[in-house]
Participant: 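Just dropping this structure here.
In this chain, numbering begins with 1 at the start of the sequence shown. Side chains included, hydrogens not; waters and symmetry mates left out as well; all remaining heavy atoms used.
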Amino acid sequence: MLTNLQARDVATVLHPYSNLATLPKQGTLILERGDGVHVYDTDGKPYLEGMAGLWCTALGHGRQELVEVAAEQMSKLPFAHLFSGKSHDPAIALAEKLKELAPTPISKVFFCNSGSEANDTQMKLVWYVNNALGRPQKKKIISRIKAYHGVTIASASLTGLPNNHIDFDLPIAGVRHAACPHHYRFAHPGESEIDFATRLAAELDAQIEAEGPDTVAAFIAEPVMGAGGVIVPPETYYPKIQEVLAKHDVMLIADEVICGFGRLGEWFGSTAMEMSPDTISIAKALSSAYLPIAGVMIPEWIDDALTRQSEKIGVFGHGFTYSGHPVAAAVALRTLEIYERENIIGHVRGLIPHFQARLRSLADHPLVGEARGTGLVGAVEVVADKATKRAFGPKQGVAPRVVAFAEQEGLIVRAIGDAIAVCPPLVIIEAQIDELFDKLARALDRAEAWAGEENLRAAA
């Protein structure tokens with residue numbers, strides 16, 4: 001039986017990324033409050049937030065300092081826009097700070113509200129700038145299979161996941177997808193990580209040649225692929241990919257929505273993964289998700305092209321009502337100050353060895369084919385047969401069952417296909433990492449027992 005609140009929820013709220021057919025029967029987990037790395041449901045049951053919300057609540061819950069700066073800004077200037085030559089101090093100060101922290105030289109920051117909007121903007125800028133540079137054919141953007149770049153029409157096209165395309169009539173024209181850099185699933189037998197990376201770079205080179213280098217404008221990549229299953233690219237991958245991009249004068253767009261602001265033990269995932277991007281998308285941990293804010297960081301040559309077009313056309317015709325919202329910008333700026341003041345990057349670096357050791361110890365579990373990750377993000381991939389890597393059937397629902405058992409254990413994690421992702425708040429401590437993986441291990445044990453009872457391996 002659903003509670004009154006659950007019944008009201010399923011009667012009124014259209015839930016993203018949910019099975020809308022089963023939701024009315026199973027109900028929803030309704031959360032009431034948060035404190036640190038834990039959240040609490042309406043019955044007061046605590047859950048370790050093993051996904052930092054959606055890869056985003058880096059500072060955990062209950063940061064009163066962020067509440068206070070939001071209230072102060074709301075009292076002073078609750079809203080102002082950046083259109084038509086207007087501005088305000090929170091947006092200016094935040095842009096200055098982001099320029100200081102950027103992993104590559106940037107000139108300006110365009111503010112928006114979500115990672116999807118940032119990557120949608122990236123596509124528009126690629127088209128606009130190439131028109132400005134007299135290259136009207138150089139418009140195609142290459143993403144990757146299993147990439148995740150958002151859910152607007154443009155950004156969902158860049159996303160390389162079937163469920164984001166099926167019956168949405170996507171992807172749109174001009175988007176291509178290169179091979180997924182997942183060694184466990186897609187390397188040839190006996191192929192080393194380095195050889196796999198070499199092959200993927202050669203395949204990208206051939207793909208650009210086939211499309212026509214004068215038609216390919218950009219390659220977009222997450223430093224570590226998040227919602228595609230926490231896929232860490234093989235050794236030497238990005239340096240080799242960037243050689244190909246330089247050869248064909250193709251921009252590199254870094255989607256730092258998940259990896260930015262400490263997740264990999266650096267301010268930006270690009271630094272950790274040896275990427276030198278032209279433009280950068282940011283969101284999520286920028287404000288520790290306390291308020292929606294995102295951005296696109298652009299270099300001087302793009303800024304110059306935009307300026308020339310404004311002189312020609314009379315306006316830069318892009319922007320959102322809430323671009324650089326003063327309250328969100330003030331909270332984001334204070335979030336960055338907290339990261340620095342509390343040395344969150346150093347804290348993360350100190351935790352990475354223990355986190356990754358606990359994660360990789362799960363590779364020995366009979367249900368786990370691969371335990372993978374880097375920094376404070378990882379995933380375990382469940383398989384029906386460890387020796388052959390044979391997956392369970394998608395309708396068997398083994399990964400979702402692990403997540404359900406984890407929830408019963410008081411842990412929130414997320415199923416992504418056959419993978420169970422973990423991405424805790426950056427402020428987690430070592431004892432809480434042990435709590436997380438102890439609970440996940442128990443959930444895997446329960447799922448293994450359930451799969452045996454249901455004889456799912458034979459049916460897979």
Participant: Would the distance check show the side chain of Gln73 and the main-chain N or O of Leu77 forming a donor-acceptor pair, the cut-off being under 3.5 Å?
Facilitator: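 Flag set: sc Gln73 to bb Leu77 pair under 3.5 Å.
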Participant: Run Met251 and Leu245 through side-chain contact (heavy atoms from CB on, under 4.5 Å) and show every step you take.
Facilitator: CA-CA 7 Å; Met251 288 172 51; Leu245 301 181; over 6 Å; no
Participant: Work out which heavy atom in Tyr238 is nearest to a heavy atom in Ala221; give both atom names and the distance.
Facilitator: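 Scanning both residues completely, I find the closest heavy atoms to be OH-CB, 3.9 Å.
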Participant: Does Pro213 offer a backbone N or O that forms a donor-acceptor pair with the side chain of Lys138 under 3.5 Å?
Facilitator: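 Yes; at least one donor-acceptor contact below 3.5 Å.
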Participant: Could you please spell out the steps behind the salt bridge (Lys or Arg N to Asp or Glu O under 4.0 Å) verdict for Glu100 and Lys97?
Facilitator: CA-CA 5 Å; Glu100 175 189 323; Lys97 189 63 182 177; 2.9 Å; yes
Participant: Would you say Arg263 and Leu376 make side-chain contact, with heavy atoms under 4.5 Å?
Facilitator: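 Arg263 reaches Leu376 side chain to side chain.
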Participant: Answer yes or no: is there a donor N or O on one side and an acceptor on the other, between the side chain of Arg334 and the main chain of Ser287, under 3.5 Å?
Facilitator: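 Not at all, since once roles are kept as given, no pair shorter than 3.5 Å links the two residues.
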Participant: Do Leu200 and Leu204 have side chains that get closer than 4.5 Å, going by heavy atoms?
Facilitator: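 Heavy-atom side-chain distance check fails, nothing below 4.5 Å.
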Participant: Using the rule given for salt bridge (Lys or Arg N to Asp or Glu O under 4.0 Å), can you reason through Lys439 versus Asp434, listing the C-alpha separation, both sets of side-chain angles and the distance that settles it, and then say yes or no?
Facilitator: CA-CA 8 Å; Lys439 289 180 174 181; Asp434 288 333; over 6 Å; no
Participant: Closer than 4.0 angstrom, basic N to acidic O: yes or no for Arg341 and Glu65?
Facilitator: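 Salt bridge between Arg341 and Glu65, a charged N being under 4.0 Å from a carboxylate O: yes.
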Participant: Does Tyr148 offer a backbone N or O that forms a donor-acceptor pair with the side chain of Glu222 under 3.5 Å?
Facilitator: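 Checked: pair present.
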Participant: Can we call the ring centroids of Phe268 and Phe261 under 6.0 Å apart?
Facilitator: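 Yes; Phe261 has its ring centre under 6.0 Å from that of Phe268.
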Participant: Would you find more than 12 non-hydrogen atoms of other residues, nucleotides or ligands less than 6.0 Å from Lys76 atom NZ?
Facilitator: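 Open.
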Participant: Do any N or O atoms from the side chain of Asp43 and from the backbone of Lys45 form a donor-acceptor pair under 3.5 angstrom?
Facilitator: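 Checking the backbone N and O of Lys45 against the side chain of Asp43, no donor-acceptor pair under 3.5 Å is found.
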Participant: Does some side-chain heavy atom of Thr159 sit less than 4.5 Å from a side-chain heavy atom of Pro171?
Facilitator: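 Contact flag for Pro171/Thr159 side chains = no.
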Participant: Within the distance-only criterion (no hydrogens, no angle test), does the side chain of Ser157 pair as donor or acceptor with the backbone N or O of Ile172 below 3.5 angstrom?
Facilitator: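 Such a contact is found between Ser157 side chain and Ile172 backbone.
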Participant: Could you label the plane-to-plane angle of the Phe316 and Phe110 rings as parallel, tilted or perpendicular, counting under 30° as parallel and over 60° as perpendicular?
Facilitator: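 Rings of Phe316 and Phe110: perpendicular, over 60°.
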Participant: What do you reckon, is CD of Glu274 surrounded by more than 12 foreign heavy atoms closer than 6.0 Å?
Facilitator: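 Count not over threshold, so no.
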Participant: For residues Thr152 and Ser155, is any side-chain donor paired with an opposing acceptor at under 3.5 Å?
Facilitator: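 Ser155 and Thr152 do have a side-chain donor-acceptor pair below 3.5 Å.
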Participant: Is the closest side-chain donor-acceptor distance between Asp35 and His61 under 3.5 Å?
Facilitator: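 No, His61 and Asp35 have no side-chain donor paired with an acceptor closer than 3.5 Å.
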Participant: Taking only Lys NZ, Arg NE, NH1 and NH2, and the carboxylate oxygens of Asp or Glu, determine whether Arg135 and Asp249 approach each other closer than 4.0 Å.
Facilitator: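 Salt bridge: yes.
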Participant: For Asp303 and Ser107, run side chain to side chain donor-acceptor pair (under 3.5 Å): C-alpha distance rounded to whole Å, both residues' side-chain angles, the deciding distance at 0.1 Å, then the answer.
Facilitator: CA-CA 7 Å; Asp303 184 21; Ser107 178; 2.8 Å; yes
Participant: Does Ile253 form a side-chain contact (heavy atoms from CB on, under 4.5 Å) with Val126? I'd like the steps, not just the answer.
Facilitator: CA-CA 10 Å; Ile253 301 170; Val126 165; 4.0 Å; yes
Participant: Heavy-atom count check: over 12 atoms from other residues, nucleotides or ligands less than 6.0 Å from Glu72 CD?
Facilitator: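 No, because the 6.0 Å sphere around CD of Glu72 holds 12 heavy atoms or fewer from other groups.
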Participant: How far apart are the closest heavy atoms of Ile338 and Arg63, and which atoms are they?
Facilitator: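 For Ile338 and Arg63, the tightest heavy-atom pair comes out as CG2-NH1, 3.6 Å.
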Participant: Are any non-hydrogen side-chain atoms of His81 and Ser323 less than 4.5 angstrom apart?
Facilitator: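 Contact flag for His81/Ser323 side chains = no.
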Participant: In Å, rounded to the nearest 0.5 Å, how long is the span from CD1 of Ile302 to CE of Met297?
Facilitator: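 So the gap between those two atoms works out to 12.5 Å.
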Participant: Can we say Glu266 and Arg349 salt-bridge, meaning some charged N sits less than 4.0 Å from an Asp/Glu carboxylate O?
Facilitator: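 A salt bridge links Glu266 with Arg349.
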Participant: Can you confirm whether the side chains of Asp120 and His149 place a donor and an acceptor under 3.5 Å from each other?
Facilitator: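 Looking only at side-chain atoms, His149 and Asp120 do not form any donor-acceptor pair under 3.5 Å.
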Participant: Does Lys139 have more than 12 heavy atoms from other residues, nucleotides or ligands lying within 6.0 Å of its NZ?
Facilitator: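 For Lys139, atom NZ is crowded (more than 12 foreign heavy atoms under 6.0 Å).
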Participant: For residues Ala305 and Val129, report the shortest heavy-atom separation together with the two atoms involved.
Facilitator: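 Here Ala305 and Val129 meet closest at CB-CG1, 4.1 Å.
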Participant: Grab the two heavy atoms, one from Tyr40 and one from Pro46, that are nearest each other, plus how far apart they are.
Facilitator: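 For Tyr40 and Pro46, the tightest heavy-atom pair comes out as CE2-CB, 3.4 Å.
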Participant: So, Thr374 versus Gln356: side-chain donor-acceptor pair below 3.5 Å or not?
Facilitator: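 There is no such pair between these side chains.
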Participant: When the ring planes of His318 and Phe320 are compared, do they come out parallel, tilted or perpendicular, using 30° and 60° as the limits?
Facilitator: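 The arrangement is perpendicular - the two ring planes meet at more than 60°.
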Participant: Is it true that Tyr17 and Asn164 share a donor-acceptor pair across their side chains at a distance under 3.5 Å?
Facilitator: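 Asn164 vs Tyr17: donor-acceptor pair found between side chains.
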Participant: Quick one, Ile106 and Thr279 - any side-chain contact, counting heavy atoms below 4.5 Å?
Facilitator: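 Not touching, per the 4.5 Å side-chain cut-off.
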Participant: Can you check side-chain contact (heavy atoms from CB on, under 4.5 Å) on Arg176 and Ile142, steps first, answer last?
Facilitator: CA-CA 5 Å; Arg176 303 290 186 268; Ile142 299 178; 4.1 Å; yes
Participant: Rounded at 0.5 Å granularity, tell me how far CG in Leu359 sits from CZ in Arg372.
Facilitator: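 Separation between the atoms: 9.5 Å.
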Participant: Is the shortest heavy-atom distance from the side chain of Leu440 to the side chain of Leu411 under 4.5 Å?
Facilitator: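 The answer is yes, as the side chains (C-beta and beyond) meet within the 4.5 Å cut-off.
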Participant: Looking at side-chain heavy atoms only, is the closest gap between Leu101 and Leu336 below 4.5 Å?
Facilitator: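 Leu101 vs Leu336: side chains touch.
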Participant: Within the supplied structure, the quantity of interest is the number of heavy atoms (other residues, nucleotides, ligands) at a distance under 6.0 Å from Ile153 CD1; does it exceed 12?
Facilitator: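 No, CD1 of Ile153 has 12 or fewer neighbouring heavy atoms, counting only those of other groups under 6.0 Å.
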Participant: Shortest non-hydrogen contact from His15 to Leu20?
Facilitator: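 Closest pair (atom of His15, atom of Leu20, distance): O-CD2, 3.7 Å.
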Participant: Got a sec: does the CD of Glu300 have more than 12 other heavy atoms crowding it under 6.0 Å?
Facilitator: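 No, the 6.0 Å shell around CD holds no more than 12 heavy atoms from other groups.
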Participant: Quick check for you: to the nearest 0.5 Å, what is the distance between Asp438 atom CG and Gln432 atom CD?
Facilitator: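 One gets 12.5 Å once the value is rounded to the nearest 0.5 Å.
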Participant: If we ignore angles and hydrogens, is there a donor and acceptor under 3.5 Å between the side chains of Thr28 and Asp9?
Facilitator: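 Result is yes, a qualifying pair exists.
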Participant: Are any side-chain N or O atoms of Ser281 and backbone N or O atoms of Val296, one a donor and one an acceptor, separated by less than 3.5 Å?
Facilitator: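 Not at all, since once roles are kept as given, no pair shorter than 3.5 Å links the two residues.
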Participant: Counting only N and O atoms by type, is there a donor-acceptor contact under 3.5 Å from the side chain of His347 to the main-chain atoms of Tyr339?
Facilitator: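 Flag not set: sc His347 to bb Tyr339 has no pair under 3.5 Å.
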Participant: Looking only at heavy atoms, which two atoms of Thr57 and Pro425 are closest? And how far apart?
Facilitator: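 What the structure gives for the nearest pair is O-CB, 3.5 Å.
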Participant: Taking everything shown except Gln64 itself, do over 12 heavy atoms lie less than 6.0 Å from its CD?
Facilitator: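 More than 12 within 6.0 Å, yes.
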Participant: Could you check whether Arg358 makes a cation-pi contact with Phe437, meaning its NZ or CZ is under 6.0 Å from the centre of the six-membered ring and within 45° of the ring axis?
Facilitator: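 Negative - Arg358 is either too far from the ring of Phe437 or too far off its axis.
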Participant: Determine whether a donor-acceptor pair (N or O, by modelled atom type, separation under 3.5 Å) exists between the side chain of Ser310 and the backbone of Gly314.
Facilitator: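 Flag not set: sc Ser310 to bb Gly314 has no pair under 3.5 Å.
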Participant: Strictly distance-based, threshold 3.5 Å: is any side-chain N or O of Glu430 a donor or acceptor partner for the main-chain N or O of His354?
Facilitator: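 Flag not set: sc Glu430 to bb His354 has no pair under 3.5 Å.
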Participant: Report yes or no: do Ser270 and Glu256 form a side-chain donor-acceptor pair below 3.5 Å?
Facilitator: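 There is such a pair (donor and acceptor under 3.5 Å, judged by atom type) between the side chains of Ser270 and Glu256.
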Participant: Between His182 and Val232, is a side-chain contact (heavy atoms from CB on, under 4.5 Å) present by the stated rule, with each step listed?
Facilitator: CA-CA 7 Å; His182 188 187; Val232 182; over 6 Å; no
Participant: Is it true that the side chains of Gln207 and His177 contain a donor and an acceptor less than 3.5 Å apart?
Facilitator: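 No, no side-chain donor-acceptor pair sits under 3.5 Å.
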Participant: Are side-chain heavy atoms of Phe355 and Val348 found at a separation under 4.5 Å?
Facilitator: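 Phe355 vs Val348: side chains apart.
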Participant: Is the distance from the ring center of His325 to that of Phe79 below 6.0 Å?
Facilitator: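 Yes, close enough.
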